[in-house]
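Positions are given from 1 along the sequence.
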Amino acid sequence: MASTFQCCSFCICLSIFLALGVWASQVEARALADETSMMDRHEQWMAQYGRVYKNVLEKEKRFLLFKKNMEFIESFNKAGDKPYKLSINLFADLDDEEFKATRSTGYVSPIGPRPSSNTEFRYNNVTHVPISMDWRKKGAVTPIKDQGDCGSCWAFSAVAAMEGITELKTGQLLSLSEQELVDCDSSNNGCDGGWMDQAFQFIIQNQGLTTESNYPYEGINGTCNEKKAANRARTITGYEDVPTRNEQALLKAVANQPVSISIDAAGDPFKFYSSGIFTGICGTESNHAVTLIGYGVNEEGIKYWLAKNSWGTSWGEDGYMRIQRDVAPKEGLCGLALNPSYPTA
C-alpha cells in the first residue's frame, strides 16, 4: 500500500515537473517571440527614418532605448486615462539627455527680469473673441517645418509669427527664412539657442527677412550670406509682449494673430505626443519655442491651445499640438504663458 502511494506521489510530482517545464518553455518561447517582434519593429522604424548605426554595439544600445520607449508608449496608451495618445516617432532611439541636447534647449532668454518691449499690449481692451480660432484656415500659416538637430526653435517660432502677421497685412503668405536668423542674428546663438524678442529686434534693424527659397534652411550654424539677406521679402515694424502669466490676455492676442511662446518640452509624454489634448506631465522651465496659431474647445469641453511645432510632420498631429488651456497655475500648462510675444506690421 505504501509502495502504491509512493508511486502515485512520484507520478504526480513528475507530472507537475513536466508541466512546469512545458510552461517555462512556453514562457521562454513567448519572450523570444516578443523580442524578435520588437527587433523587427526596430528594423522597420530604422528604415522609415533612414537611421543607420556605426557598428553593432551602437545598434544594440539604440535597440534597448527603442524597446524601453516603445514599452513606455504602449503602457501609457493602454492605461487610457488621459485625453491624448503617444506614438513612436523620430525620437524613439534617444535617451532624455540626447533629446534635450538637440530639441528642448533651443529657447534661451536673457538672465533676470523679462525686458520690456517698450510698447503697450494693443489687445488689452478687446472685449470679445471668437469661441475658436485656427489661423491655418485663414491662410496665415505655412506648412510644418523641421529644425533638425539644431537648437533653432526660437527662429522657427519667430518666423511663423512673422509669416502670420505679414499675411494678415498683405493678403499673401510667404515662407520666410529661419536660416537667415540662424546665420545673421548675432544677438542670438543660432543652433545653440535664442530668444524670439531678440529675433524680432534683429528683423526690425535688418529691415526685414528674405524668403525660405532664397535662403534655405540647412540646420547648422553658418556664415551670414549678406547678398541673400539683402533681398528682403517681408518686414515688421515692432513687437509686443503679452502680459506674462495671463492666459486671458494671451487668448486676446491669439484671436488676432499667431503668437510666439516658450514652453517646457522635456519629458517622454511631450516627446512622444501623437494626438488629442495634451494635459501634461511637464514643468514650467522654458526650454523650447513654438507658435500658437489658434485655440478651441473639444467635445468633452476641454479648452485647448493649437500650437505649431518645428519637429516635422511625424510628430504630433501632423506637426501640430493641442495643449490644455486655462489651467492652474497662472504660468499655463508647461509654462506656455510665461513669455508670449508677437511682431507688429
Side-chain angles (χ1 to χ4, degrees), residues 64-109 147 151 153-154 157 193 244-247 250-251 254 259-312 314-340:
L64 292 176
L65 286 169
F66 176 88
K67 180 182 177 182
K68 176 184 176 183
N69 288 328
M70 180 67 81
E71 289 172 347
F72 167 77
I73 290 167
E74 291 181 342
S75 174
F76 179 94
N77 289 338
K78 185 177 180 179
D81 56 353
K82 298 290 191 298
Y84 64 98
K85 298 292 184 182
L86 308 182
S87 71
I88 210 70
N89 57 30
L90 71 164
F91 307 126
D93 68 345
L94 301 180
D95 62 28
D96 289 343
E97 292 305 314
E98 291 170 325
F99 172 75
K100 291 175 184 177
T102 59
R103 297 288 179 153
S104 62
T105 56
Y107 177 84
V108 181
S109 63
Q147 68 187 74
C153 58
W154 60 274
S157 175
T244 188
R245 294 177 171 84
N246 189 333
E247 286 196 75
L250 185 55
L251 182 69
V254 179
V259 174
S260 292
I261 65 164
S262 64
I263 199 167
D264 188 343
D268 286 342
F270 198 107
K271 178 167 58 176
F272 295 120
Y273 166 79
S274 175
S275 63
I277 298 179
F278 186 76
T279 58
I281 308 168
C282 56
T284 57
E285 179 184 350
S286 297
N287 50 41
H288 183 54
V290 297
T291 312
L292 293 184
I293 59 162
Y295 57 85
V297 183
N298 75 349
E299 296 80 3
E300 286 74 38
I302 303 175
K303 298 178 182 179
Y304 64 85
W305 296 107
L306 176 61
K308 180 185 183 184
N309 203 354
S310 53
W311 292 348
S314 67
W315 179 88
E317 296 181 326
D318 297 322
Y320 298 92
M321 174 185 240
R322 286 179 292 161
I323 181 168
Q324 191 174 12
R325 174 165 59 96
D326 288 349
V327 298
K330 293 182 179 180
E331 288 83 357
L333 188 61
C334 304
L336 63 82
L338 287 173
N339 303 296

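Cys334 is linked by a disulfide bond (SG atoms under 2.5 Å apart) to Cys282, counting only residues two or more places apart in sequence or in another chain. Residues passing the salt bridge (charged side-chain N to carboxylate O under 4.0 Å, His left out) test with Glu71, sequence neighbours excluded: none. In this view, Ser260 and Ser157 satisfy the side chain to side chain donor-acceptor pair (under 3.5 Å) rule, not counting sequence neighbours. In this structure Asp268 satisfies the salt bridge (charged side-chain N to carboxylate O under 4.0 Å, His left out) test together with Lys271, sequence neighbours excluded. With sequence neighbours excluded, no residue forms a side chain to side chain donor-acceptor pair (under 3.5 Å) with Asn69. Partners of Lys100 by side chain to side chain donor-acceptor pair (under 3.5 Å), not counting sequence neighbours: none found. Residues forming a side-chain contact (heavy atoms from CB on, under 4.5 Å) with Ser286 (at least two apart in sequence, or on another chain): Tyr107, Ser262, Leu338, Asn339. Qualifying side chain to side chain donor-acceptor pair (under 3.5 Å) partners for Thr105, counting only residues two or more places apart in sequence or in other chains: none.
Closest of all the heavy-atom pairs between Gln147 and Ser310 is OE1-OG, 2.7 Å. Taking both residues in full, the closest heavy atoms of Asn89 and Ser314 are given as CB-O, 3.9 Å, listed atom of the first, atom of the second, then distance. The minimum heavy-atom distance between Asn287 and Ala265, with the atom names listed, is OD1-N, 2.8 Å. Closest non-hydrogen pair, Leu90 versus Asp93, comes out as O-OD1, 4.4 Å. Among all heavy-atom pairs drawn from Gly294 and Val254, the shortest one is N-CG1, 3.6 Å.
Side-chain contact between Leu292 and Pro340: absent, with no pair of heavy atoms (C-beta onward) separated by less than 4.5 Å. Side chains of Asp264 and Glu331 form no contact here, defined as non-hydrogen atoms less than 4.5 Å apart. The closest side-chain heavy-atom distance from Pro269 to Phe72 is below 4.5 Å. Between Trp305 and Leu250 there is a side-chain heavy-atom pair separated by less than 4.5 Å.
Here the CD1-NZ distance, from Ile281 to Lys82, works out to 6.0 Å after rounding to the nearest 0.5 Å. Rounding to the nearest 0.5 Å places CD1 of Ile323 at 11.0 Å from CG of Leu306. Here the straight-line distance linking atom OG of Ser275 with atom NZ of Lys85 works out to 7.5 Å at 0.5 Å rounding.
Note on residues 316-337: no pairs pass ring pair (Phe, Tyr, Trp, His ring centres under 6.0 Å), not counting sequence neighbours. Residue pairs meeting the ring pair (Phe, Tyr, Trp, His ring centres under 6.0 Å) criterion with at least one member in residues 271-300, sequence neighbours excluded, are Tyr84-Phe278, Phe270-Phe278, Tyr273-Trp315, His288-Trp311. Among residue pairs with one or both ends in residues 281-308, those qualifying as salt bridge (Lys or Arg N to Asp or Glu O under 4.0 Å) are Lys303-Asp326; sequence neighbours excluded. The salt bridge (Lys or Arg N to Asp or Glu O under 4.0 Å) pairs that include a residue from residues 316-325 are Glu317-Arg322, where partners are two or more places apart or lie in different chains.
For Leu64, the CG atom counts as densely surrounded, since its 6.0 Å shell holds more than 12 non-hydrogen atoms of other residues, nucleotides or ligands.
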Notebook entry, point to check: What's the verdict on side chain to side chain contact (heavy atoms under 4.5 Å, CB included) for Ile261 and Val290, showing C-alpha distance, side-chain angles and the deciding distance?
Noted result: CA-CA 6 Å; Ile261 65 164; Val290 297; 3.6 Å; yes
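No donor-acceptor distance shorter than 3.5 angstrom exists from the side chain of Asn77 to the backbone of Ser87, with no hydrogens or angles considered. Glu247 places a side-chain N or O within 3.5 Å of a backbone atom of Val327 that can act as its donor or acceptor partner.
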